[in-house]
Every structure is written in C-alpha cells, then in structure tokens.
S.K.: 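Just dropping this structure here.
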Amino acid sequence: MNARTSRPTVTQADAVDITSPTARDATPLQQIDAWFAARDWKVFPFQRTVWRAAQKGKSGLLHATTGSGKTYAVWFAALLRVLSQGAGRQQGGLRVLWLTPMRALAADTVRALEEPLAALLPDWQVGMRTGDTSSSERARQDRKLPPALVTTPESLTLLLSRTDAREQFRRLDVVIVDEWHELMGNKRGSQTQLALARLRRWNPDLVIWGLSATLGNLQQSQDALLGDASANGVLVEGASKKRIVVDTLIPDHPSRFPWGGHLGLQMLPAVIAEIDRHQTTLAFTNTRSQAEIWYQNMLEAKPEWAGLIALHHGSLDKSVREWVERGLKNGELKAVICTSSLDLGVDFLPVERVLQIGSARGVARLLQRAGRSGHAPGRVSRVTLVPTSSLELLEAAGARDAVARGQIEARAIPNKPLDVLVQHLVTIALGGGFTSQELYDEVRTTYAYRNLTLEEWQWALDFVARGGQSLTVYPEYRRVLPDEHGIFRVPDNTIARRHRMGIGTIVSDASVQVKYLSGGTIGSIEESFISRLKAGDHFLFGGRILEFVRMHEMAAYVRRATGSRGAIPRWQGGRMPLSSELAHAALTRLEQASQGMYEGAEMQAIVPLLELQQQWSGLPTAHSLLAEITHSREGQHLFMYPFAGRSVHVGLASLLAWRFSREQAGTFSISINDYGFELLSPVPVNWQALLTTAGIANLLSTDHLLEDVLASLNASELAQRRFREIARIAGLIFQGYPGQPKSNRQLQASSSLFFEVFRKHDAGNLLLTQAQREVLEQELELTRLRDTLEELQQRTLQVHQTKRATPFAFPLMVERFREKLSTEKLTDRVARMVRELEKAASTR
DNA sequence: GACCTGCTGCGGTGTG
C-alpha cells in the first residue's frame, strides 16, 4: 500500500486573484475560489489537495473533525472530476453518488450540496433515495436517475438488484461515502464494499472518496473503502486539529461516593446545576433505561423544566425524536437526555455543553460526543464526564490522558462475512446476472473478501443455487440458476420480491409498538418486556408513567397513569466493553497512584478509596496482577483485576474456572465487570495452592486456548444466538410483509430450526462456521484475550487474603450477572466433544 | 453502606 500522504502544500498556481469572479473564462477552480470568497470563507490546503487529486482521477479518504469544511472538500472534488470528464455538463443519468449511513442525514446533505452545485453546474439537481422516498419519486428515478443522488448503502444495493442496473450506473463518475467510520466496522460496510466493487467494474476510472472521523487504523480504513485500488489512493488529513477539552464533574463528597453502580443519580444535583448554567446541554447516557430514569428524576427535581428538557433514544417514535431534534436546532430546549441516538446526525449548533454520564467506554466514542459541542470551525469542543461510581473517576483521568496522547481505537473490519456475500450473489443475479469467474474476481477486489478462497466461493454459489446440502429439496432455496450461457439469474419472481424485501444487514429483534388508547405512537419496546406486564401495571417509557391496558395485533395500548413509580423497561442491547486504550490509560494512572502520585481533580477525589484499597489489599498496576481471596457466608471468593474489558474478562473468568476445576472439582459462580472478575465457590477451595508460580503459569497459558475457551463456555448456545442474524442476512428467513411482522418467537424458531438442520445434515455449512467465528472474534474477543494472557504472564502475581470485599471487589460482588459452571456438566460436555471429534475424524 | 444496565443504523407486498 502507498505511503501516507504528506501534508499538502499550496502552489502558486492555486493562488487565484479573483478580479472577475463571474468571468466566463474562469476555470472551475477559480469559480470555487470565488464561491468561497463570496462567503468570506477560507480555503484550506487540504481542500485543494482533495480537488487536485480528484481532478486527476485519484480516489482517497479524508479524515477530519466535524465543522472543518470537509463536505465542501469532497463535493467540489466530485464536481471537478465530472467537469474534467469533458462532456461534463450533459446530464443523461447518474454521475455522482453520495452515500450516507442515516436517512436523517440524507435530507440535510441534499440541502448542503445544492448551493455549491449551483455555482458549478447550475442545470443539475440533487436527488435523494431512501426508504422514505415516495413511490412517485421512485418511479421517476427508475426511468432515469438524477445526475446527483444521495442515498444509503441499502438503497444502493437495491438499485443494483434492478435488471437495468448497469445501464443506470453507466455514466457514474464519482462516489462519496460519508461517515465511513460508521460503516467500515460492521456488515453494512462489507455490503458497501461489494457494491463499490460492482460500480468500479463498470467504470474502472470511478473516483471514490470517503469521509471519516479520526481512527486508530486510517490506512486500513482507506484500504477497505478502495479495495485493490487503494494502492493509488491518497489519505488526506483535514484542517488543523480541533481543540478538545475533557473534564469531570467531581462528586461533592468523594468519600461517600458509591463504590459500584452505573446509574449515578448521586450526581443529579451537580448535573442540574451544570445544565442551569448553560444555554443548551446534551447529556449522553449509556442505556435507554438510564436515560429514562435520569429524565424522570430531573423532572421531579425541577418541575419547572417541563417542556424545556427532553428525552431521545432509539426506541422512541420517529415523530417524537424529530420533535426533539427540531427543538435542539431552534435552541428551544435547555437539555436533552439521550443515548448514542444523537451521536451522529444533524448538527445542532446551539449545543453548548456535552455531558457523558457513566463510562465513555472508548476514546473514539468520547471524541465523537465532544464533537457535538462547539460544532463550527475554530470553536472548542468540550465534554464533561459524569462518574456513576468511584472507579469511573480513575477512568476519567485515564480518558483525558488517552485523548491528549491521541490513543484512538482501531475499528476492526469484518473478515469475509459469508452471509453478506450470499445476499450479494442473489442481488447481482437479479441485477443483470453474473458468471462465476467474473464475479469471483470482482468480489476479491474488495478488502473484506480479498482472501476468499475458491472453495468458499463455490460453497456460497452452491448455497444460493441449491440451498446447500440440506435444503436441496426446497425450491425456495434454489434462488439462482445458470442459463445456457452460464449466467446466473434469479428464475422466479416471488424469490426476487422476497429478496428485495430482505436486503440489508441490520437485524433487530421483533418489538411491540407502544400506543395510546386515544391514538398516537410513543415508540417501541421489546416483546419480552411487555409480555411480563399484566393489565393495570405501570411502567416508565418516553419520560412518562404509563398504564398497560392490553395487547392488540403486536401493539401495546397504554394510557397515562398517575403516580411516580413504575417498572423500568429493559431492552436488550449491545454490551460495549471498555476499550484497551482506555483500560491501559486507567492502569497507568493506578501505577502512578501506587507510587503516591495523584495528579488532577479526579485522582485527588479517589485518594481515600485507593488508600483504603492499598491498606486492605494492594493496587493493580501495569506490572502486577492483583488477586484477592476472601471468605464470606456465600463462600470463597477469588477476585482478579486484569483491566481488560468485560468481554475479555468473561472469557478469562470462564477459562480460569474451567482450568481450576480440572485441579479441584467444584462449581463456581462468575461475576464480571470492565476492571476484573470474581470466582465464587460455595464449598472450600484452596485458592492459594492453585495460585503458585507454576499454577498461575498454567492457568494463564495460551496453549490449547481455543479448545479450553470453547469447553469452558456454552459456545454452541452463543453460536446459535449469532446464527439468527446470519440466517436473516443470508436470506434463509423471510421476515414477513411490512405492516404484518412475524413475532419474535416465530423468527427465533425458524432460525434455530435451520441451525439444527445444518448441524445434523450439513456440518460443513460455512454459515455455521461463521457463527462460531463471530462469537469468538466479536463476543469473546479471542485475539484480545490471547494478548491479555500473554501480558498477564509478564506481570508479578500479588495474592492478598482480605477480611472483606475491597473497594475494587465490591462492585463485582453486587454485580447481578452470575453464571453457574458446574464441573459435572462440564465433564459431560467435554466427553461429548471428544465423541464428536472422534466421529468427525473417523468419517474423513 | 455501598447496587439494582446494556447503543445505533435500513429496507420492503400485490395489480388492473
């Protein structure tokens, strides 16, 4: 891959003296200069770099902070490229495509693009196509696409499934991918890569530009965007770094601040005071229920703020969210309590203050949130951390260090997800058809599928042609068939329709609409939560206490209730672990504390806590691994604090429990958080004997890691859960027609049916392998687990016998998550695995 | 005495 682009330089030729900005003979570059000058805006060197590169037909990735003019950089670049193509002004179909990850951004983008467009190509218009586009507008576009189109990756894929796709995209010159960092790390990104490969094949000179926030792996991000064309791509860094301030609200009485917990309501008065002092505040929480609780408590404390503060999260109805967003834009709201639903999107200029309640979990996430304030060139972005428990003060200090050092997480790019490929094959079979060799070569030009083997390709092709080994007899799974010329096409209209209805990679659980009896939708809530409610029960949702009345056709009908308490809905969502970057930064701070260095307000505030910890036990540092042994009525506890994030701790704790139980039979309860884990045995266990130098070396060994991890966890159940998503994306499960969704139970049943059938009759099914791989890579972070083990082996083990739970242990003790792991069951499980292995070996 | 977790994003019938 090419070297990173050096800082752009401005040559004399670029410095244009605009004496006559409207002059007919002005070059497009001069016209752009005039356009900027008319607005009194500065042209940044990075913008010129992008323009020159695009004019010459180069693709690239531009990373820049928000509000730095990056939109104009790539948009003018696209227009310059079009003009450099000679017959530029002629319309005749699509020329520039703009991809955005969110519908809500599409309309704003169209608006932003219109003015600059008028300057260079006044007879053009920008169209928009998303799921919201009206059918009449669609029909118009289907006849001929507008010269510039703003759309989503899913809508682009749908366009590629049209028989006339090639004709529609024939004249496409430039693709812009906005917010590429949001897409690259998930399967939407894989789908985008496949779509771009298709467009590049039709026009080998296609110019592609991505816009991205700063990441730890920018070069890889560019490679994923440009595929095998990345060698000629350029990586451009946007305008001067924005100043970012990270600070912390310190509790009034740090010594009385809770050791554990996530809600943080002790900080309510401080947060209210902060909101009071500023015009407009965004307060981010980590979960939807936390947002609900904070909103409710804030209103109770400040009833006069009714109508001035609002709630925003992903389960609230679109109309509610749009109302909140308008209020923010117009500066009518004093504060909004939100989840990451407001991470992206509309630029809310009036936002003056950003609070992060609870752990930010990652540096990139923290920066993203800081960027919601001071959203204009030259202004400072500031985010204030609001701790919800004592150790988050430590994390806050570490977060500031990590930001200052620019230690930003990398985003992992999914490696050849076959479910997305299977979907793509049907899409392309619809979109004019394909021959095997040609499409294989094309798919391999993407970064995600660069290592796709011929065997895997054949498997995927066979899977869409015959339904694989086990579904051969079902005609609905013979989705593509070769004609006499070897061109694979979709033979059946029903299959085509079902496929188009299922395009995309976002899989969500079935949910129930929450509606007032009197009319109006408040939002949606998980079926499992509603199913536990009886008529007359109260619950908190959308910032109100509601009374559940009845269910009717997948909708829950409610009315406003009196009283102030109700059940809090629980949604199932992601469990984002603390990033390595943040964890290391926190560990570094502990290291300093162990030497008596407490720098900054956060560290000062936890001096009492850390001193107590040191007095009762010790401090975990980057060089020592702390283990605590405690007895209680519950049994014998072992606590360890590797500071590796919760998903690694899940693997680590299960692994240790399993390896322990080979030495001494026993049943352990496991408790996990981002800082460490606890193993609890109800019967006496000699931890000391297990934690000798030789013992710990065995426990932390990376030998047989994979086997041991698989054996220690119920990996097959985890894989089955993963498989639900894969089966949906691969098109095995039809989700039903819009407006009449299948219930969650039906969806689950059919996916587990496929899982079982494949396991029994088609063990070589690569979708099963993928499910297992995704569990290992994403849920258990096997690579990070291995790294952690290797790192821990280097640390000195410090074992302390403690009388009671230390400040570090306490949060683990109260953690609700308990996972039983019995040796008896384990023995059975291992025996079964051995049998299965033997059987597999003998059938070879 | 301490606590009561879990994000976001998109798309889509039929036919006279």
Side-chain angles (χ1 to χ4, degrees), chain A residues 99-106 129-133 135 138 151-159 161 179 182-183 185-189 191-192 255-266 284-294 312-315 321 338-345 357-362 365 368-369 388-390 423 493-494 496-508 526 567-577 609 646-647 671 673-674 728-729 734-741 804-807 809-817:
Chain A
L99 293 181
T100 163
M102 269 176 69
R103 276 193 307 241
L105 287 177
R129 186 173 180 126
T130 70
D132 298 332
T133 305
S135 54
R138 266 158 202 269
T151 187
T152 60
E154 287 79 7
S155 285
L156 168 60
T157 306
L158 276 160
L159 287 171
S161 80
E179 313 270 11
E182 283 294 318
L183 296 170
N186 55 45
K187 290 180 184 176
R188 296 183 80 195
Q191 184 156 62
T192 308
S255 58
R256 292 215 302 270
F257 202 58
W259 291 358
H262 318 271
L263 210 49
L265 283 173
Q266 294 84 357
F284 284 96
T285 62
N286 283 333
T287 70
R288 286 166 280 185
S289 51
Q290 193 181 16
E292 292 273 354
I293 295 168
W294 267 82
H312 192 285
H313 61 67
S315 292
R321 292 170 56 164
C338 59
T339 60
S340 41
S341 56
L342 282 184
D343 257 350
L344 275 192
I357 301 173
S359 167
R361 307 271 155 88
R365 203 148 167 262
Q368 175 74 34
R369 292 186 174 174
T388 59
S389 65
S390 293
Q423 190 186 105
N493 268 335
T494 312
R497 195 174 70 236
R498 286 189 170 205
H499 178 76
R500 290 200 176 98
M501 288 176 66
I503 278 180
T505 62
I506 299 173
V507 176
S508 16
E526 254 150 54
I568 315 288
R570 290 178 63 172
W571 287 271
Q572 33 183 268
R575 296 180 166 180
M576 183 181 263
L609 180 99
R646 61 167 303 122
S647 48
S671 170
N673 68 19
D674 274 318
R728 218 300 257 134
I729 295 174
F734 180 58
Q735 304 249 83
Y737 291 104
Q740 30 186 298
R804 56 180 83 79
T806 62
F810 182 79
L812 283 164
M813 275 186 95
V814 300
E815 192 73 45
R816 299 260 240 43
F817 179 73

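Below, all heavy atoms of this structure are taken into account, side chains as well, without hydrogens, waters or symmetry copies. Protein chains get the first letters and strands the later ones, always in sequence-line order, with residue 1 at the start of each.
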S.K.: Taking CZ from A/Arg498 and C1' from B/dG11, how many angstroms apart are they, rounded to a whole number?
M.R.: 16 Å
S.K.: Rounded off to whole Å, could you give me the CZ-to-P distance for the A/Arg129 and B/dG11 pair?
M.R.: 10 Å
S.K.: In terms of side-chain heavy atoms of A/Met501, which of B/dT13, B/dG11, B/dT8 is nearest?
M.R.: B/dT13
S.K.: Starting from C1' on B/dG6, measure out to CD1 on A/Ile357 and report it in whole angstrom.
M.R.: 15 Å
S.K.: Are A/Glu182 and A/Arg188 close enough for a salt bridge, meaning some N to O gap below 4.0 Å?
M.R.: no
S.K.: Indicate whether any N or O donor in one side chain lies under 3.5 Å from an N or O acceptor in the other, for A/Ser341 and A/His312.
M.R.: yes
S.K.: Between B/dC7, B/dG11, B/dG6, which nucleotide has the shortest distance from any of its atoms to the side chain of A/Arg575?
M.R.: B/dG6
S.K.: Is it the case that B/dG11 (base atoms only) and A/Arg103 (side chain only) share a donor and an acceptor within less than 3.5 Å, ignoring hydrogens and angles?
M.R.: no
S.K.: What's the closest nucleotide to the A/Trp259 side chain, out of B/dA2, B/dC10, B/dG6?
M.R.: B/dA2
S.K.: Describe the nucleic acid contact of A/Thr130 in one word from base, sugar-phosphate, nothing, applying a heavy-atom distance below 4.0 Å.
M.R.: sugar-phosphate
S.K.: Could you check whether A/Arg288 gets within reach of a base, just the sugar-phosphate, or nothing at all, counting any heavy atom under 4.0 Å?
M.R.: sugar-phosphate
S.K.: Taking for each residue the nucleotide of DNA chain B with the nearest heavy atom, is it A/Pro101 or A/Ser289 whose nucleotide lies nearer the 5' end?
M.R.: A/Ser289
S.K.: Would you classify B/dT13 as syn or anti? Syn applies when the glycosidic angle is within 90° of 0.
M.R.: syn
S.K.: Nearest-Å distance, CZ (A/Arg365) to P (B/dT8)?
M.R.: 10 Å
S.K.: Measure from CZ on A/Phe810 to P on B/dC3 and round the result to the nearest Å.
M.R.: 7 Å
S.K.: Quick one: salt bridge (charged side-chain N to carboxylate O under 4.0 Å, His left out) partners of A/Arg728, sequence neighbours excluded?
M.R.: none
S.K.: I want to check one thing: is the phosphate of B/dT8, taken as OP1 and OP2, less than 4.0 Å away from some side-chain N or O of A/Thr339?
M.R.: yes
S.K.: About how many Å separate OG1 of A/Thr152 and CG of A/Asp132, when rounded to the nearest 0.5 Å?
M.R.: 9.5 Å
S.K.: Starting the side chain at C-beta, find the nucleotide from B/dG9, B/dG12, B/dG6 nearest to A/Arg138.
M.R.: B/dG12
S.K.: Side chains of A/Arg129 and A/Thr151 only: does a donor on one sit below 3.5 Å from an acceptor on the other?
M.R.: no
S.K.: By nearest atom, which of the nucleotides B/dC3, B/dG9, B/dT5 is closest to the A/Asn186 side chain?
M.R.: B/dG9
S.K.: Could you tell me whether A/Leu183 contacts a base, only the sugar-phosphate backbone, or nothing, with contacts defined as non-hydrogen atoms closer than 4.0 Å?
M.R.: nothing
S.K.: Any idea which of B/dG11, B/dG9, B/dC7 is nearest the A/Arg188 side chain?
M.R.: B/dG9
S.K.: Please classify the nucleic acid contact of A/Ser155 as base, sugar-phosphate, or nothing, using heavy-atom distances under 4.0 Å.
M.R.: sugar-phosphate
S.K.: When all nucleic acid strands are considered with a 4.0 Å heavy-atom cut-off, which category describes A/Arg369: base, sugar-phosphate, or nothing?
M.R.: nothing
S.K.: Keeping A/Arg365 on the side-chain end and A/Ala360 on the backbone end, is there a donor-acceptor pair under 3.5 Å?
M.R.: yes
S.K.: Rounding to a whole Å, what distance do you find between A/Glu292:CD and B/dC7:C1'?
M.R.: 14 Å
S.K.: In whole Å, I'd like the distance from the CD atom of A/Gln735 to the C1' atom of B/dT13.
M.R.: 14 Å
S.K.: Starting from the 5' end of DNA chain B, give me the residue, A/Asp132 or A/Pro258, whose nearest nucleotide shows up first.
M.R.: A/Pro258
S.K.: When you check the side-chain N and O atoms of A/His499 and A/Gln423, is any donor under 3.5 Å from an acceptor?
M.R.: no
S.K.: Mind calculating the distance between NE2 (A/His313) and P (B/dG6) to the nearest angstrom?
M.R.: 11 Å
S.K.: For A/Gln266, answer base if it contacts any base atom (sugar-phosphate contacts may also be present), sugar-phosphate if it contacts only those atoms, and nothing otherwise; contact means non-hydrogen atoms under 4.0 Å.
M.R.: sugar-phosphate
S.K.: So what does A/Arg361 hit on the nucleic acid, given a heavy-atom distance under 4.0 Å: a base, only sugar-phosphate, or nothing?
M.R.: base
S.K.: Base, sugar-phosphate alone, or nothing: which one does A/Gly261 contact when heavy atoms must sit under 4.0 Å apart?
M.R.: sugar-phosphate
